[in-house]
Amino acid sequence: MMHDNPRARVLRSKKNFEEHDKTVKSALEIFEPESILEASRSDGDLAGMTLLIKDNIVQRGRTASCSSKILEHYKAVYDATAITRLKNQGALLMGRANCDEFAMGSSTETSAFQLTANPWDTSCVPGGSSGGSIAAVAAGFVDCALGSETGGSVRQPAAFCGIVGLKPTYGRVSRYGLIAYGSSLDQIGIASKTVRDNARVLKVIAGLDPLDATTSTNPVPDYEQKLDGAIPQGLRIGVIDNAMNAEGNDPEMVVALNQALKRYEELGAKIVHLSLPTMDLGAAVYFIVSRAEATSNLARFDGIRYGSRPADAEDLTDVYRKTRTEGFGPEVKRRIMIGNYVLSSGYADQYYKKAKAVQHGMRLEFLKAFEQVDVLFAPVAPTGAFKFHSFDENRLLMDLQDYFTAPANLAGIPALAIPCGFVKNMPVGFQLMGADFTEDILYQVAYAYESSTTWHTMWPKGFGPK
Amino acid sequence: MAKVDRAYLKTLADMSHLHFSDEELVSLGNDIESVLSYVECLSQSPYAQDMQHLENRTDCAPLRQDEVVFTNPMDILCDAPDVAENFFIVPSIIKHEGKGK
């Protein structure tokens with residue numbers, strides 16, 4: 001199908017969105033076919049591959065709203081580096097994906113514009129914050145999607161929707177053009193139906209970028225090369241026992257994860273049980289570090305250079321206050337306030353510096369674990385997808401969706417979510433974490449599992465590529 | 001249980017250039033208290049007091065050359081709410097007596 005001409009693929013994807021996205025609401029906008037075709041080369045490594053782009057990654061000439069009213073009419077004046085690279089390799093960028101406002105949330109419910117549904121059960125959330133990107137892939141509207149990760153925003157929805165989601169090593173993919181939330185944690189992530197497609201996209205978007213000083217000089221390997229269905233010789237998988245046995249985990253999900261481990265044993269892997277005590281503090285560290293950085297990053301939205309300006313503002317301070325009060329939603333405001341609190345005089349040592357110290361310890365603990373094992377295995381989230389508004393009355397419980405995912409962001413290491421079955425008719429997944437720049441190993445190990453299962457061939461009822 | 005002083009919260013709201021109603025401030029205070037109570041678990045970590053690495057960073061990102069890159073001013077200004085020629089219009093900072101703006 002990938003060999004069909006690009007125009008036919010764009011038209012088919014657009015038709016699929018038009019006919020079936022009414023119930024899912026994954027996209028904020030699908031572009032006109034001619035403009036999609038004109039924006040990309042007609043050949044290249046990803047020629048004909050359709051993608052949806054999370055609305056916090058800028059595409060020249062297109063709106064980039066971050067699903068926020070404050071940027072509702074903001075038109076990007078440049079392409080993110082990842083977007084430039086996709087276009088140069090013939091990828092077809094279909095439109096903009098809904099997400100939690102400024103990527104802050106775990107259900108895509110904080111979007112100012114619409115609620116995205118999980119294609120497996122439209123009364124459930126797709127997860128978040130990259131819920132639109134992930135739901136579009138899970139429904140078969142596009143081949144792949146870009147999302148972003150600060151604390152698990154690609155892996156958690158990928159697990160909820162039964163697809164593959166990558167959080168690359170910090171510095172593997174340029175953040176130029178990714179509208180910042182927590183700059184020391186943010187990475188563009190990839191959602192795909194299969195491990196191979198994920199690897200193909202990473203090969204294109206990864207690598208050094210003069211426009212992002214935190215990108216690595218580490219060479220980009222051919223991630224597809226090792227995808228032969230075998231696991232690396234003598235592979236040691238470290239099962240993080242304290243994560244597998246964590247309070248609140250759905251026992252049926254743990255059974256599905258243990259079955260995946262059994263499959264790895266059959267494939268020849270050695271299973272090693274270990275404990276990473278600091279991982280249990282990941283959510284707490286993340287709550288502080290991400291909110292502190294968000295406060296700083298979102299200070300720029302003040303109604304002077306972008307956004308609409310309130311007509312009744314009296315002076316400059318009033319412009320700032322009214323623009324931000326009217327433009328940001330409740331979750332964003334909450335995170336800005338928490339960030340300012342933990343950074344404020346008298347509290348910075350008690351909260352921010354302590355969190356940074358524990359973050360450092362967490363990375364040391366991960367590095368030590370990778371002396372014993374090649375990859376780490378853990379749940380992605382405590383349960384499968386939940387119903388809309390489940391956590392309206394308890395924001396902390398919603399925030400704890402990041403419990404198993406945030407540690408990889410805090411340690412800067414790569415992590416990959418892979419579907420491993422269904423619990424109560426909803427998809428569940430596990431995650432593999434690796435040492436810095438071992439995405440090639442994660443893909444190889446994930447592909448071996450995928451090749452020996454059929455989860456990646458299943459589609460939600462009424463959905464799928466047309 | 002962490003307690004957040006509501007008057008201090010109002011100061012933080014001003015610093016954040018955000019306005020909250022009294023009712024919103026109460027709810028926000030409760031949310032922040034529950035987060036601050038949760039993060040108290042960090043004190044248990046053996047790493048919590050190890051601040052040395054924070055002061056001795058050697059892994060900082062390299063600085064790039066400070067080079068001027070030509071950008072079309074209209075590209076920068078096209079999203080601005082108010083412009084004149086090649087400039088952003090900024091509301092007045094000092095109030096003129098009797099004029100309001």
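So you know, we letter chains A, B, ... as the sequences are listed, proteins then strands, and number each from 1.
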Residue among A:Asp349, A:Val77, A:Thr325 with most heavy-atom pairs under 4.5 Å to chain B: A:Thr325
Given A:Asp399, A:Leu364, A:Thr295, A:Ile288, the one with more heavy-atom pairs under 4.5 angstrom with chain B than any other is A:Ile288
Checking heavy atoms, do the side chain of [X], its backbone, both or neither come under 4.5 Å from chain B?
{"X": "A:Leu71", "result": "neither"}
{"X": "A:Tyr347", "result": "side chain"}
{"X": "A:Ala299", "result": "neither"}
{"X": "A:Leu211", "result": "backbone"}
{"X": "A:Ser344", "result": "both"}
{"X": "A:Pro277", "result": "neither"}
{"X": "A:Val319", "result": "side chain"}

Step-by-step side chain to side chain contact (heavy atoms under 4.5 Å, CB included) determination, B:Asp75 to A:Arg60: CA-CA 11 Å; B:Asp75 276 354; A:Arg60 188 181 170 86; 4.1 Å; yes
Is the A:Phe287 ring parallel, tilted or perpendicular to the B:Tyr38 ring (thresholds 30°, 60°)? tilted
Taking side chain as C-beta onward, heavy atoms only, is [X] less than 4.5 Å from [Y]?
{"X": "A:Tyr351", "Y": "B:Leu42", "value": "no"}
{"X": "A:Glu365", "Y": "B:Tyr47", "value": "yes"}
{"X": "A:Tyr306", "Y": "B:Pro81", "value": "no"}
{"X": "B:Leu36", "Y": "A:Val342", "value": "yes"}
{"X": "B:Asp82", "Y": "A:Arg309", "value": "yes"}

Other residues, nucleotides, ligands: >12 heavy atoms within 6.0 Å of B:Asp22 CG: no
Do other residues, nucleotides or ligands put more than 12 heavy atoms under 6.0 Å from the OH atom of B:Tyr8? yes
Of all heavy-atom pairs between [X] and [Y], which one has the smallest distance, and what is that distance?
{"X": "B:Ser34", "Y": "A:Leu396", "answer": "O-CD2, 4.0 Å"}
{"X": "A:Lys354", "Y": "B:Ser43", "answer": "NZ-OG, 2.9 Å"}
{"X": "A:Tyr341", "Y": "B:Lys3", "answer": "OH-O, 4.1 Å"}

Ionic contact status for A:Arg334 with B:Asp31, cut-off 4.0 Å: yes
B:Pro91 and its side-chain contact (heavy atoms from CB on, under 4.5 Å) partner, picked from A:Ile304, A:Thr317, A:Asp318: A:Ile304
For the [atom1] atom of [X] and the [atom2] atom of [Y], what is their distance to the nearest 0.5 Å?
{"X": "B:Leu18", "Y": "A:Tyr320", "atom1": "CG", "atom2": "OH", "answer": "14.0 Å"}
{"X": "A:Met337", "Y": "B:Glu24", "atom1": "CE", "atom2": "CD", "answer": "10.5 Å"}
{"X": "A:Lys322", "Y": "B:His17", "atom1": "NZ", "atom2": "NE2", "answer": "14.0 Å"}
{"X": "B:Leu9", "Y": "A:Asn340", "atom1": "CG", "atom2": "CG", "answer": "10.5 Å"}

Considering heavy atoms only, which positions within residues 175-187 of chain A lie below 4.5 Å of chain B? none
With a 4.5 angstrom heavy-atom cut-off, is it the side chain or the backbone of B:Leu28 that approaches chain A, or both, or neither? side chain
So for B:Cys78, is it side chain, backbone, both, or neither that comes closer than 4.5 Å to the heavy atoms of chain A? side chain
Using a cut-off of under 4.5 Å for heavy-atom pairs, which of B:Ile32, B:Leu77, B:Asp14 has the most such pairs with chain A? B:Ile32
Is there a donor-acceptor pair under 3.5 Å between the side chain of A:Arg324 and the backbone N or O of B:Ser16? yes
Please check: side-chain N/O of B:Asp50 versus main-chain N/O of A:Ala357, any donor-acceptor pairing under 3.5 Å? no
Check step by step if side chain to side chain contact (heavy atoms under 4.5 Å, CB included) holds for B:Asp79 and A:Arg305. CA-CA 7 Å; B:Asp79 284 304; A:Arg305 286 152 298 168; over 6 Å; no
